Number of protein chains: 2
Amino acid sequence: MSKASAKTSKSASNAAIVQAALEKLRAAGLRPTKQRIALGALLFDGRDRHVTAEALHDEVRGAGADVSLATVYNTLHQFTEAGLLREVVVNAGASHFDTNVGAHHHLYYADSGELHDVDATDVRIEGLPAVPRGAEIERVDVIVRLRRR
Amino acid sequence: MSKASAKTSKSASNAAIVQAALEKLRAAGLRPTKQRIALGALLFDGRDRHVTAEALHDEVRGAGADVSLATVYNTLHQFTEAGLLREVVVNAGASHFDTNVGAHHHLYYADSGELHDVDATDVRIEGLPAVPRGAEIERVDVIVRLRRR
DNA sequence: CAACAGTTTAGAATTACTCTAATGTACTGC
DNA sequence: GCAGTACATTAGAGTAATTCTAAACTGTTG
Ligand SMILES: [Mn+2]
Ligand SMILES: [Mn+2]
Ligand SMILES: [Zn+2]
Ligand SMILES: [Zn+2]
């Protein structure tokens, strides 16, 4: 594979991903700026990802885009409000933003910080108390904390 | 009730709580210092409590003891390591330290920050994937996030 | 009660994140 | 195409929670 063709095929697949990101942004009523497209292209490529603001910032800059950390935070929160991401808190240090917005739970490797999804349709939780009056459930999170043996 | 007798009875019940805290510390191999006893007396009075470092700091100083914030943090972590407390992370802002160290889950009121315990013996979680090889479960947390309706 | 290990503390440092206010850019209507 | 405007980005300052440092203090042991 020549350098040129590699570059071309990379550009081609990028173009499709960028296009998809752009459409997601429009559908969410967010202006498709250069920065939001760059971040969206990394986040909305079909994989289930769990990113930290810092990690995503490093990643987007590594990919050649010039996006400030403030914009990464702004964008992660806007995406979350738009329902394109979900915020997951597993440790006191930092929030993780999750590209899987369906009902699911997590396996958390405390030592590496890795998060893995567990589809919620397979999981039944029984014996929880009745929802207190005047309150409603926003979400139920199950976190299985794992340790390497 | 006279001022004097109120003071006496308060001192008497305090003495019992202080004594219990002191024994807990010795059993855990922690030197029973003035600061650790003051914090222990607040934490180990039999109630199930969920405190933040800042809140406990305010509380212990309100009770007349002179304990620095650094010591509150040190002590909360030492108590946690000793199994006298457990750390609960429900929001990105701050850690909560839980005096209930038995197996249990939480109801979390997102708006007020309140945490309520749900005994784990009543709760069955089915359909979780097998524990990955090379890993073992350290703990399973269920957090029911509630919103006022 | 001396000696030492363990503890406390003020204040500086770090980390994750938010805010401010100035500059830049995407959309709308012409 | 080209304002005009509302929205977006950003550097850098600010904040909140927590940790670190290193000097002073205290509980325990012999
Ligand atoms: Mn947030
Ligand atoms: Mn901790
Ligand atoms: Zn997930
Ligand atoms: Zn609890």
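This one's a predicted model, so the numbers in the text were calculated from it and none came from an experiment. Throughout, protein chains are lettered first and strands after them, A, B, ... in sequence-line order, and every chain is numbered starting at 1.
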Thr99(A) (side chain) donor-acceptor with Arg49(A) (main chain) under 3.5 angstrom
yes

Would His106(A) and Asp98(A) count as having a side-chain donor-acceptor pair, cut-off 3.5 Å?
yes

Note, Arg124(A) side chain near Glu126(A) side chain (heavy atom, < 4.5 Å)
yes

Closest listed nucleotide, where the reference is the side chain of Ala53(B) and the choices are dC7(D), dT18(D), dC17(C):
dT18(D)

Could you give the CG-to-P distance, from Leu25(B) to dG6(C), as a whole number of Å?
16 Å

Can a side chain N or O of His77(B) be found less than 4.0 Å away from OP1 or OP2 on dT18(D)?
no

Looking at dA8(D), I'd like to know if its phosphate oxygens (OP1 or OP2) sit under 4.0 Å from a side-chain N or O belonging to Arg36(A).
yes

Taking only side-chain nitrogens and oxygens of Arg26(B), does any of them come within less than 4.0 Å of OP1 or OP2 of dT28(D)?
yes

Phosphate OP1/OP2 of dT8(C) contacted by Ser68(B) side-chain N/O (<4.0 Å)
no

In whole Å, what is the span from the CD atom of Gln35(B) to the P atom of dT7(C)?
11 Å

d(CG, Leu76(B); C1', dT8(C)) in whole Å:
15 Å

Would the distance check show the side chain of Arg31(B) and the main-chain N or O of Arg36(B) forming a donor-acceptor pair, the cut-off being under 3.5 Å?
no

Find the distance Leu30(B):CG to dA5(C):C1' and express it as a whole number of Å.
14 Å

Establish, with yes or no, whether the OP1 or OP2 oxygen of dT8(C) is under 4.0 angstrom from a side-chain nitrogen or oxygen of Thr33(B).
yes

Integer-rounded Å distance: dA16(D) C1' and Asp58(B) CG
14 Å

Return no unless some side-chain N or O of Gln78(B) is found under 4.0 Å from OP1 or OP2 of dG6(C).
no

Ring centroid separation Tyr73(A) to His57(A) under 6.0 Å
no

Mapping Thr71(A) and Ala94(B) to their closest nucleotides on DNA chain D, which lands nearer the 5' end?
Thr71(A)

On the nucleotide dT18(C), are OP1 or OP2 found under 4.0 Å from the side-chain N or O atoms that Tyr73(A) carries?
no

Check the distance between dT9(C)'s P and Asn74(B)'s CG and give it to me in whole angstrom.
9 Å

Could you tell me the separation between the CZ atom of Arg61(B) and the P atom of dT9(C), rounded to a whole number of Å?
8 Å

Could you check Leu69(A) against Pro32(B) and say which one's nearest nucleotide on DNA chain D is further toward the 5' end?
Leu69(A)

Please give, in whole Å, the distance from dT8(C) P to Asp66(B) CG?
13 Å

